[in-house]
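Worth knowing before you read on, the calculation uses all heavy atoms, side chains too, and leaves out hydrogens, waters and symmetry mates.
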Amino acid sequence: MATVSGGPSREEFAYRWVREHAAAVRGYLLGLVRRPEVADDLAQEVFRRAWQAHDRYQDRGRQRAYLLTIADRLACDRARRLGVEVTVDGDAWRTIEPAESDRPLDQLTERESEEELAQALEQLSPVQRRVLLLRYYGEMEFAEIAAAIGCPLSTALSHCRRGLLALRKLLAEQNA
Amino acid sequence: MNHDNPNLLQLELATSRRAEPAAALDPETAELREGWLVLSESLAREQARDDSAFAALVAAELSVAPPVIARSNGRRLAVLGALAAVAATALVAVSHWTANESELWDVAEARHSQFASNHDPVTNDSGDSADDWDDPLDGQIASLEEQLGQLAGSPPSLDASLSALDQQLAELADDLDAGSL
């Protein structure tokens with residue numbers, strides 16, 4: 001990764017790159033694993049792996065899709081391991097946890113948002129979650145999503161449709 | 001984007017990031033779109049976390065991290081190094097064993113030569129004469145040589161033996177005739 005003289009330093013470049021995609025990667029992982037510390041551990045690993053192969057994929061574009069594909073693989077690996085969790089650096093991660101707001105109203109809003117999201121995600125099967133979250137965070141084509149999760153396009157579309165209908169049902173129940 | 005597939009087109013519209021006018025969607029797609037909005041709005045609210053601290057932490061690590069090629073090469077080199085070390089150890093062990101074996105042969109050969117020279121009357125420099133040789137085998141060899149000499153020196157006479165045998169047989173016949181047996 002060459003740094004042009006006078007351009008950003010390696011660390012500045014990395015910072016901008018991570019900052020550009022962190023929300024999507026962390027959000028995607030959080031949507032799958034539902035635990036912020038685990039999502040951040042996995043996100044760090046995603047960026048580490050992608051950074052190491054940066055020279056190879058940076059010209060291809062679709063960086064976010066690439067990052068989310070790595071994230072998906074890591075999350076699936078973790079799910080297979082079941083219960084075996086590796087915390088990279090617990091103290092360091094604790095320092096970057098979002099500070100809780102002092103205002104009770106903000107706390108209430110945050111909690112309500114979390115509950116809403118948790119409720120929405122609970123309607124979805126794991127694979128429906130993956131399809132919809134890849135679509136949301138990566139803005140990936142369905143063909144790309146199918147390739148990422150390793151299934152035919154028709155199957156990915158079917159998961160998407162069923163997931164959306166499940167969410168629509170949740171909305172109808174809330175309105176009722 | 002393959003718009004020949006109506007299912008694909010419908011789901012792309014339903015999950016589009018763009019704000020699709022509801023009137024532009026058919027009822028089924030609009031229903032799917034409502035489901036999508038439930039999820040996407042929840043995610044958007046959840047996504048309000050500040051990523052700057054996370055980015056700083058990861059960037060600091062990445063800026064000192066070696067590229068994957070270097071790391072994989074490093075692993076490859078480590079494996080090759082380990083293999084080379086094992087091979088070198090094996091070579092050293094084999095050569096050490098060979099050296100030991102040849103040393104043993106040398107020692108045995110030297111001892112044999114020393115033994116032979118000590119007991120060779122021609123090459124013996126110790127001043128000992130052949131008469132001083134005291135090997136029990138020599139006695140046996142000498143005895144055998146003597147017997148062989150006797151055999152060679154006085155070979156039995158076949159005619160005499162046959163005559164003696166005839167004489168004995170004649171004596172026996174006489175005894176039989178006389179009834180003394």
**Q** Applying the 4.5 Å side-chain criterion to the ILVMFWY set and letting contacts propagate, would A:L124 and A:Y28 be lumped into a single cluster?
**A** yes
**Q** Should A:L30 and A:L67 be counted in the same cluster of Ile, Leu, Val, Met, Phe, Trp and Tyr side chains packed under 4.5 Å apart?
**A** no
**Q** Rounded to the nearest 0.5 Å, how far does OG of B:S40 lie from CG of A:L132?
**A**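 Those atoms lie 10.0 Å apart.
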**Q** So which heavy atom on B:L62 is nearest to which on A:W51, and how close?
**A** O-NE1, 3.1 Å
**Q** Who pairs with A:R73 by side chain to side chain donor-acceptor pair (under 3.5 Å), at least two apart in sequence or on another chain?
**A**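 Testing A:R73 for side chain to side chain donor-acceptor pair (under 3.5 Å), a comparison that skips the adjacent residues, returns none.
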**Q** Answer yes or no on whether A:R19 is positioned over the face of B:F54, meaning its NZ or CZ is under 6.0 Å from the six-membered ring centre and within 45° of the axis.
**A**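 Relative to the ring axis of B:F54, which defines the angle, A:R19 lies outside at least one limit.
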**Q** In Å, rounded to the nearest 0.5 Å, how long is the span from CZ of A:F47 to CD of B:E61?
**A** 12.0 Å
**Q** Less than 4.5 Å apart, any side-chain heavy atom of A:R135 and any of B:R17?
**A**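 Sidechains of B:R17 and A:R135: no contact.
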**Q** Given that the side chain runs from C-beta out, which part of A:A143 has a heavy atom under 4.5 Å from chain B: side chain, backbone, both or neither?
**A** neither
**Q** Under a 4.5 Å heavy-atom cutoff, which of A:E20, A:Q119, A:E11 has the most pairs with chain B?
**A**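 Ranked by contacts with chain B, first place is A:E11.
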**Q** Less than 4.5 Å to any heavy atom of chain A: does that hold for the side chain of B:E41, its backbone, both, or neither?
**A**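 No part of it gets close to chain A.
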**Q** Side chains of A:R48 and B:V58: closer than 4.5 Å at any heavy-atom pair?
**A** no
**Q** Does any backbone or side-chain atom of A:A43 lie under 4.5 Å from a heavy atom of chain B? Answer side chain, backbone, both or neither.
**A** both
**Q** Which residue pairs satisfy the salt bridge (Lys or Arg N to Asp or Glu O under 4.0 Å) criterion with at least one member in residues 144-171 of chain A, sequence neighbours excluded?
**A**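 For residues 144-171 of chain A: A:R62-A:E144, A:R161-B:E28, A:R168-B:E34.
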**Q** Let's test your reading of the structure: which of B:L11, B:L37, B:L39 forms the most heavy-atom pairs below 4.5 Å with chain A?
**A**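 The option with the most such pairs is B:L11.
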**Q** Identify the heavy atoms of B:A14 and A:L164 that sit nearest to each other, and give their distance.
**A**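 Looking at all heavy atoms of both residues, the closest pair is CB-CD1, 4.3 Å.
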**Q** What is the minimum heavy-atom distance between B:T15 and A:C160, and which atoms define it?
**A** CG2-SG, 4.1 Å
**Q** Should A:V46 and A:Y15 be regarded as members of a common hydrophobic cluster, given that ILVMFWY residues are connected when their side-chain heavy atoms come within less than 4.5 Å of each other, either directly or indirectly?
**A**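 Unlinked, A:V46 and A:Y15 end up in two clusters.
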**Q** Verify side-chain contact (heavy atoms from CB on, under 4.5 Å) between B:D51 and A:V18, making sure each step is shown before the conclusion.
**A** CA-CA 9 Å; B:D51 295 311; A:V18 175; over 6 Å; no
